[in-house]
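Everything on this sheet refers to the single structure shown next.
Every chain is numbered from 1, with letters handed out A, B, ... down the list of sequences. Scope of the values below: all heavy atoms of this structure, side chains included, with no hydrogens, waters or symmetry mates.
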Amino acid sequence: MLTDFNRLKVFYTIYRHKSAAAAAREMYISQSAVSQSLGKLERELKTQLFVRLHKKLVPTSAAGRLYEIIEPFVRNLEGGLAWLEAEKSGPRGVLRIGAPVEFGSRNLVELVAAFRKKHPAVFFEVALGHPDMLLPRLAAGELDFIFADIFPGRGARNLPPFTVSPVLKEKLVLACSAGYYSARLGGKLTPAALAGCEFLDYSQGQTALLNWFRHHYDKSFPGLKAVLTVESVQAILNAIKGGLGLGIVPEYLVEAELKAGSVKAVRTGRPELLNRISLVRLKGKAAAPAEKAFLENF
DNA sequence: CCATCCGGTCCGCGTTATAC
DNA sequence: GTATAACGCGGACCGGATGG
């Protein structure tokens, strides 16, 4: 059983001054209180900590050992409390953020860069991955907040309540190079012709592709041929330009190529599929200053 | 079921006074 | 300067009530 911390603090102060009276003055309590506290600690530990000479306290070797144990702890504690105090004057510390791979490596990194210009004492740890993996980590307090595109899976049943606020919508287009378009789809843009093409996707499950097809044709197209699977928008983009097949990318990333005609987007007449990114936080969790400042930047 | 509030009880801390 | 006795007060703890 750990002894009362206040008694250890009294001991620590006596040891530093080698005097109960001086410790009492420093701690703004009576000399009597210090003496009683020390006596109690010695009885608890069943160890003599000071030899009482006339008007003098001489530490025993046990006292020296105890001081060595307590001293780093007190130093840490004082440092920690100073840190908490400093935090009031401005955001600092580490922000742990979860995000989908594409959003995290593109938009989030830009946000972090802009934020750090204003608040250089804030550092970032970004975990990239699927919301199904990030939500439990948010619930366990390992992440301060996350960004999520799909929300939520059935696996999130027994997780604590979250607050979800939309932060971004971007149009997603199914695109390929102009060469690929004229060779494989020229003049016959039917669902069947489309489904027979080569595809580029972000995950083994082809969630992005399947969503696109469901959105535009109201039915699923099983057995799409994925010739490349990679968790990187940049890679998909390069593969599209290289004529490898059809891939889904945010429209604004290929705006120039679409205008120039080097990249073609598959248009069905329906509005484009939207990628909705939401901010997900633990309900009722107070935001630390760094977190608050970051979220206010939105 | 869990968190919170409330009233009552009791223990221990810190005080003063005093002895050494 | 330190230790001890006596004492008052605050806070910790407990059981029960209440509310979401």
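Distances shorter than 4.0 Å separate none of the side-chain N or O atoms of A:Asn6 from OP1 or OP2 on B:dG12. A sub-4.0 Å separation between OP1 or OP2 of B:dC13 and a side-chain N or O of A:Arg7 is present. Between B:dG14 and A:Ser30, no contact under 4.0 Å exists linking OP1 or OP2 to a side-chain N or O.
Residue A:Leu41 contributes atom CG, which lies 11 Å from atom P of B:dC13 at whole-angstrom precision. Remark: C1' of C:dT2 and NE2 of A:His17 are 17 Å apart, rounded to the nearest angstrom. Rounded to an integer number of Å, the gap from A:Arg52 CZ to B:dC20 P is 19 Å. Following rounding to the nearest Å, A:Ile29 (CD1) and C:dT2 (C1') show an atom-to-atom distance of 14 Å.
With A:Asp201 contributing its side chain and A:Thr229 its backbone, the two residues share no donor-acceptor pair below 3.5 Å.
Taking 3.5 Å as the limit, the base of B:dT15 and the side chain of A:Gln31 contain no donor-acceptor pair of atoms between them.
Contact annotation for A:Ser19: backbone-only contact, meaning every heavy-atom pair under 4.0 Å involves sugar-phosphate atoms and none involves a base.
The A:Ala33 side chain lies nearest to B:dG14 when the options are B:dG14, B:dC13, C:dT4. The A:Lys40 side chain lies nearest to B:dG12 when the options are C:dA6, B:dG12, C:dT2. Comparing atom distances between the A:Ala20 side chain and each of C:dT2, C:dT4, B:dC13 picks out C:dT2 as nearest. Nearest nucleotide to the side chain of A:Ser32, out of B:dG14, B:dT16, C:dA3: B:dT16.
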Requested in this report: Kindly determine whether A:Arg65 and A:Glu68 satisfy salt bridge (Lys or Arg N to Asp or Glu O under 4.0 Å), including the steps that lead there.
Outcome: CA-CA 5 Å; A:Arg65 179 80 193 102; A:Glu68 280 173 25; 3.5 Å; yes

Requested in this report: Could you walk me through whether A:Tyr12 and A:Phe73 pass the ring-ring contact (aromatic ring centres under 6.0 Å, His included) test, one step at a time?
Outcome: CA-CA 11 Å; A:Tyr12 174 82; A:Phe73 173 73; 9.7 Å; no

Report task. Apply the test ring-ring contact (aromatic ring centres under 6.0 Å, His included) to residues A:Phe294 and A:Phe124: give CA-CA distance (whole Å), side-chain angles for both, the deciding distance (0.1 Å), then the verdict. Result -> CA-CA 11 Å; A:Phe294 189 82; A:Phe124 289 83; 5.5 Å; yes

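A residue-by-residue look at A:Gln36 and A:Leu57 shows that A:Leu57 has its nearest nucleotide of DNA chain C further toward the 5' end.
Atom NZ of A:Lys18 is surrounded by more than 12 heavy atoms from other residues, nucleotides or ligands within 6.0 Å.
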